[in-house]
Every structure is written in structure tokens, then in C-alpha cells.
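So that the names make sense, note that chain A is the first sequence line, chain B the second, and so on, each numbered from 1. The structure presented is a predicted model; accordingly, all values stated were derived computationally and were not measured.
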Amino acid sequence: MIKSILIANRSEIAIRISKTAKRLGIKTYMFLTHQEPNALYLEHADEVIDVSADTFTNIFMDVEKIVNYASEYKIDAVHPGYGFLSENPYLAKSCEDKGITFIGPSYLNIEKMGNKGIARQLAIQSKVPVVPGSDGIVASFKEAKEFVDSIGYPVIVKAVAGGGGKGMRIVQKASELQKMYNAASNEAQTIFGNGAVFIERYIQKPRHIEVQVLGDQHGNVVHLFDRECSIQRKHQKLMEEAPSPGVSDELRAELCKDAVNLCHATGYYSAGTVEFLVDENNHHYFMEMNTRIQVEHPVTEAITGVDLVEQQIKVANGEKLSICQDDIKIQGSAIEFRVNAEDVQAGFIPSSGIIQYLEAPADESLRFDSGFVSGKIVPACYDSLIAKAIVFAPTRDEVIAKSKKILNAITVRGIKTTIPFFKEVLTTPSFLKGHYYTNFIEKDMKQLYFKEDGEYEAAACIALEAYLEERAKLETVEEGQAETSPWIMKSILK
Amino acid sequence: MDYEKHLKVDIGSMVKEIKIEQALYVVDENKPVVKLDNYQVVDANDNTLQLESLKHSPSEYELTLNGKKYTGEVLSLKQNVCTVVVNGNTYKFNIETEKSFSRQKFLATVNSQLSMNVSAPLPGTITSVLVDKGQKVEKGEPLMELEAMKMQNEILCPISGEVRDIKVKEGDSVLKDQILIEVK
């Protein structure tokens with residue numbers, strides 16, 4: 001039985017995991033780092049492990065140190081949250097070797113699914129459709145050219161070890177192939193230390209739809225329906241909804257069936273996500289599997305009422321799933337907004353600094369998972385996610401109406417956030433219809449952020465007023481100075 | 001704001017009248033947004049704006065413009081440059097007099113006829129140069145790839161024209177704002 005957990009992560013996900021752990025009576029440990037010594041998440045830990053003296057390493061990337069601390073403090077289990085660490089099979093393996101429970105799938109599954117080439121082979125074996133492409137690594141440009149000539153353009157060159165949109169290049173015509181092939185391979189070599197790439201047909205107008213799965217160590221697997229993640233910028237998700245408004249019941253059943261079959265075939269356990277591309281003709285293709293809890297898991301929790309972190313802990317304990325497929329029903333509709341510290345007007349550049357003020361409205365439709373409160377610092381060395389606003393209601397229309405109100409009521413001062421972007425999404429016709437693709441931001445949005453009529457002129461008038469006030473103040477000061485001129489002072493002194 | 005007859009500005013508890021000899025322009029990238037002239041504020045199309053304002057704190061304003069309410073925050077005011085946030089959007093304005101504004105407009109036209117230097121948006125390494133000297137390029141076309149923070153960033157062409165000069169080669173390390181290419 002797990003009685004204590006080392007949460008090897010920070011910010012909102014560390015807090016989110018600790019909440020479930022607390023409810024289950026499990027003691028939590030977290031790391032105090034030099035990058036963020038006054039972070040909010042530390043207030044949610046039962047015990048804090050101070051690693052701030054070590055200013056050279058990022059503890060959240062250092063498998064050996066994490067496992068050593070878990071042994072030293074006699075902690076039963078490690079939860080990696082999401083991010084690079086959670087998909088590092090070496091962590092799961094090292095935990096197993098030291099007799100520590102890893103809250104997640106087996107390292108074999110992480111390793112297999114983390115390799116896109118092997119994952120694709122497994123999908124083919126499980127009769128799950130995949131995008132036409134090279135089966136395995138394309139070792140040279142010559143090989144790439146021969147292969148692409150056989151399937152035709154456009155194609156996408158992807159790093160075998162890639163993820164998060166890195167090490168990927170789209171090739172529209174033959175003349176670009178060599179440059180893009182090299183670019184993808186070089187980028188993969190720098191980031192992942194592995195320059196191997198493969199090639200697939202590029203689907204021009206896809207939707208990104210994923211299925212949440214949950215399995216135990218006794219061979220039981222259930223799905224918790226789908227999530228729509230097509231609103232992305234540079235392959236990074238910005239908002240997600242569950243269930244997908246653009247998926248028919250038949251397609252939903254097929255996606256969920258394929259996801260479950262893949263898990264059965266690979267003996268997968270713990271929470272996981274099977275990602276699919278769906279093309280304009282509603283054909284779906286397996287893309288990859290994420291062997292972790294995901295940032296967007298709360299939308300699934302909202303519509304099904306299942307606490308996924310609790311299930312992860314129970315499965316890690318070796319328990320059988322207490323829920324069966326028939327118990328899991330879609331109870332409504334939910335949208336998650338990723339409140340990132342980014343300046344949308346300046347092209348989504350990171351905006352770190354002190355949060356002078358942060359407040360979300362008290363609303364029963366809103367779950368606000370925040371890693372920060374007023375007065376906290378958003379460090380520049382981590383990702384830009386500061387909070388997630390998850391809005392739930394019985395129907396999608398109600399969710400949208402409530403979201404508009406809630407986004408207007410969230411106040412953030414001191415840093416810039418992605419909220420003006422979401423306000424604009426909520427006025428975009430294709431989003432409102434629930435019919436959008438991964439090119440939503442480039443093709444459907446007239447502008448990237450919400451602008452009220454007349455706000456530009458209003459801002460200019462405020463600038464004018466501030467300027468005039470300052471000028472008036474200066475004139476007052478000048479008059480005042482004249483009276484206390486040093487020459488006058490001197491004459492008084494005499 | 002009371003622009004009638006005299007321009008009165010509240011500073012704390014006292015009201016101060018200031019004289020404006022020339023029209024004032026609130027300018028965003030050489031385009032006037034509003035103008036204060038003859039004790040009236042007009043927009044870019046010369047429509048008079050109905051204004052009322054309330055100050056909540058030293059930096060927070062509530063403004064009623066033509067009957068519609070806006071709240072804004074002044075982030076900074078340095079000399080004649082003012083940054084304002086409304087609805088989470090940031091706007092940066094220059095406040096110019098009639099004379100300084102016409103001088104700036106003149107400079108802008110002169111500058112636009114010169115060739116344009118494309119500089120590095122962030123420090124990094126040039127991994128590939130995608131164009132040749134003398135080549136015709138379109139606005140938005142990738143000129144080179146810059147690797148920075150483990151990411152390949154495409155440097156896009158800001159104008160349509162011809163590549164005049166390429167100042168770096170593949171493998172070069174570049175600093176932020178270093179000039180990479182000249183386009184005209």
C-alpha cells in the first residue's frame with residue numbers, strides 16, 4: 001500500500017496530485033528548488049525536500065537524484081506528473097530496481113510507446129489504422145526521396161524520438177525535401193540526441209482527437225471517452241474540450257474501441273492517452289500514445305466524474321479497477337483554457353515576472369487549477385503554464401456562455417496571459433459550431449486576441465490623460481522650485 | 001477630462017489648468033489615433049469624442065467614451081511614451097505635438113525608401129541560408145533558419161523585394177539584433 005508519495009514536479013500539477021493524495025490519506029513530499037524557493041506548490045506538501053543548494057541541476061529532470069531522495073526518505077512511491085520526466089522509461093525502471101512504486105505504466109510500455117516507430121508497428125499489429133508512411137527509420141536523404149516519390153506529396157518528416165512539435169517538418173514539394181529532411185534530423189539530434197527520422201503522408205486538414213484510457217495490472221482496460229485538442233499553436237495545445245463536438249457517436253465508438261484494443265495488445269496499465277488524427281472524411285489514424293497523465297485530463301474528469309490521479313494511485317497499488325466501462329458516462333461538456341504567461345499581442349512570447357494580482361471568480365461551473373497566487377513569481381526557466389480554467393456544464397452551449405463570463409471575471413495583473421486569445425476564440429464562428437481543424441488559429445481566427453470596439457481609442461485617451469496629468473504635475477513642481485531656488489535660500493541664510 | 005475652454009487636470013485634490021499651445025497627437029507607429037485640438041478630442045476620422053473619466057488609483061482609469069465604459073491601466077509613462085492596458089491588451093503610444101509629429105512622418109517616408117536590414121530576433125546559430133544574393137523574395141518567405149533554445153526558428157522576409165546582401169553563412173553564431181541579410 002502506498003502511504004507516501006514523492007511528487008517530482010512543480011506548479012499546478014504538483015498541487016493537483018497532492019489534493020487527491022491528501023484525500024486518500026497519503027503523505028506528500030515535494031522538492032524545494034533554487035529556481036523557485038517561494039513557490040505556491042510547496043505550501044501543499046506535507047514534507048519539503050530542500051534541494052536549493054544544488055544550483056547546477058534541474059531536479060525535475062534528474063532521475064538518479066529523484067530515486068535517491070525517495071530511498072533516503074523511505075518514500076513508497078514517485079509520481080512524475082506530466083512533462084519530460086514522466087515519459088522517461090529510466091525513471092520507472094530505476095524506481096522498480098530500488099523497490100519504489102512508480103505511479104504510471106511499466107517502463108517497457110513507456111519505452112515502446114515513446115518510440116514512434118515501434119508504437120506504429122504495435123498499432124498496425126493491433127489492427128488500428130495508421131497514416132501511410134515509411135515503416136521504420138529513413139536513414140538517408142536518398143532513401144527519403146525514393147520513398148516520397150512512391151507515396152507523393154505533401155509529407156511530414158518526424159523525429160523518431162520527437163514530441164511537442166519538435167523535430168518535425170512538413171514538405172509540400174520535391175524541391176524542399178532535402179532542406180526539410182536535414183532540418184528535422186538536425187533538430188532531433190540537438191534536442192533528443194537521436195537524429196533518426198521517419199516519413200508519413202501529411203494530412204492537410206486534420207483534427208486532433210485523443211482518447212483517455214485507464215488500465216489495471218490485471219488486464220482490465222476502460223476508456224473515458226475523447227478530447228478535442230485541435231486548437232494548437234506550433235503543435236502546442238492551448239485549449240481542449242470533452243467530448244469533441246466534431247465527432248459522431250459512431251466515430252467516437254470506433255476511436256474508443258481502437259484505443260482500448262491497443263492497450264490490451266500491449267498490456268498497458270495506469271492512465272494513458274491514445275492520440276488520433278481525423279481527416280476531413282472522418283477517417284481516423286493512430287498518431288501516438290502518451291504514457292502519462294496529461295495537462296488536459298481535468299476535462300475528462302469533469303465529464304465523467306472520475307478522479308484519474310486517484311485511479312493511477314490505485315492501479316500502482318496493484319488494485320483491480322473499481323469502475324467498469326458501463327459505469328462511465330458522458331455527463332456534460334467541458335472546456336479547459338490554459339492560462340499561460342504569454343504575450344499574445346507580441347506573438348505568444350513568454351511573459352515572466354511577478355504576478356501582482358490573480359483572482360478567479362467563485363463559480364460552481366469553474367475548476368481553477370492554479371500553480372500561482374498574487375505575489376508569486378513566474379520564473380523564466382520553466383514552461384509558461386500558470387493555471388488551468390476548466391468550465392463544466394450540461395451542454396456545450398452553456399459551457400461557452402459560462403466561459404465568456406468566467407474569462408471576463410478572471411483578473412491577472414503584472415504579467416500577460418493567453419486570456420485575450422480565448423475570448424477571441426469564443427467569438428469565432430467555426431468554434432461555436434464545433435467544426436474546426438488544427439489550422440483553426442491560422443485559418444479561422446480574424447485576429448489572435450479579443451478586442452472590444454473602441455478600446456484602441458479609449459487606450460489612446462487614457463494615455464493622453466496620463467500625459468497631461470504628468471505635465472500639469474511638472475508645471476506645479478517647477479513653480480514650487482522657483483520659490484525654493486538655491487539663490488533665494490542663500491539670501492535667507494545671509 | 002474637461003477640455004472646455006481651459007484644459008483642467010486633476011492632480012490629487014487640486015485642479016490645475018494647463019495651456020496647450022499646439023495640437024497634441026497620440027500616435028501609434030506613425031499613425032495618429034486621437035488628437036487634442038482646440039480643447040476637443042477627435043479620433044483619426046475627425047469625429048469628436050465624448051469623454052468622461054474617473055481615476056481609481058494612480059494607474060487605473062475608468063473612461064466613458066461615447067457612452068461606453070472602459071477600464072484601463074497605465075503601465076508606464078516615460079517622457080512622451082505611454083503604455084496602456086485595456087482588456088488585457090497592451091498599447092504603446094507616443095504623444096507628439098503638431099511639429100514633432102510632422103517631422104516623424106517625414107522621417108518615416110525617407111526610411112521606407114531605403115533598403116531593409118533583417119536582424120536576428122534572438123541569439124543563436126545559423127543552421128541554413130535558404131536564399132541567394134540577388135534572388136527575388138516575397139514577403140513572408142523564409143530567408144534562413146536560426147537555431148536558438150534548442151528550436152529551429154525561421155527568419156521570414158519582412159518585405160517583398162530582392163536580396164541585396166547576405167552577411168552571415170551557415171554555422172555562424174549570431175547575437176541578438178545582429179544584421180543577417182539586407183533586402184530591398
Examine whether an atom of A:D453 lies under 4.5 Å from a heavy atom of chain B, and if so say whether it belongs to the side chain, the backbone or both; otherwise answer neither. both
Bottom line for A:Q345: the part with an atom under 4.5 Å from chain B's heavy atoms is side chain
[X] versus chain A, heavy atoms under 4.5 Å apart: side chain, backbone, both or neither?
X     : value
B:E73 : side chain
B:L75 : neither
B:N80 : both
B:E60 : side chain
B:K69 : backbone

May I ask you to check whether A:E469 and A:Y467 show a side-chain donor-acceptor distance below 3.5 Å? no
Pairing donors with acceptors under 3.5 angstrom, does anything connect the side chains of B:K105 and B:N30? no
Do NZ/NE/NH1/NH2 and the carboxylate oxygens of A:E424 and A:K446 come within less than 4.0 Å? no
Thinking salt bridges, do A:E176 and A:K179 make one under a 4.0 Å N-O criterion? no
Contact list (residues 160-182 of chain B to chain A, heavy-atom gap under 4.5 Å, by number) returns none
So which residues of residues 90-99 of chain B are in contact with chain A at a heavy-atom cut-off of under 4.5 Å? B:T90, B:Y91, B:F93, B:I95
Does A:F337 have A:K388 sitting over its ring (NZ/CZ under 6.0 Å from centre, angle to axis within 45°)? no
Rounded to the nearest 0.5 Å, the OG1 atom of A:T418 sits from the CD1 atom of A:I386 at a distance of 7.5 Å
Spacing of NZ belonging to A:K145 relative to CG belonging to A:L177, to within rounding of 0.5 Å: 7.0 Å
For A:S185, the side-chain hydrogen bond (donor to acceptor under 3.5 Å, both in side chains) test, sequence neighbours excluded, returns none
Test your reading of the model: is there a side-chain donor-acceptor pair from B:D43 to the backbone of B:N47, 3.5 Å cut-off? yes
Assess whether side chain to side chain donor-acceptor pair (under 3.5 Å) is satisfied between A:E342 and A:S384, documenting all intermediate values. CA-CA 7 Å; A:E342 286 171 21; A:S384 60; 2.7 Å; yes
Got B:I126 and B:E145 here, is their nearest side-chain heavy-atom distance under 4.5 Å? no
So that I know where these two stand, are A:Y449 and A:F421 an aromatic pair - ring centroids less than 6.0 Å apart? no
Atom pairs and distances, side-chain donor-acceptor, residues 81-89 of chain B, under 3.5 Å, sequence neighbours left out:
residue, atom, partner, partner atom, Å
B:T83, OG1, B:S76, OG, 3.3
B:N87, ND2, A:E452, OE1, 2.8
B:N87, ND2, A:E455, OE1, 2.6
B:N89, ND2, A:F450, O, 2.8
B:N89, ND2, A:E455, OE2, 2.9

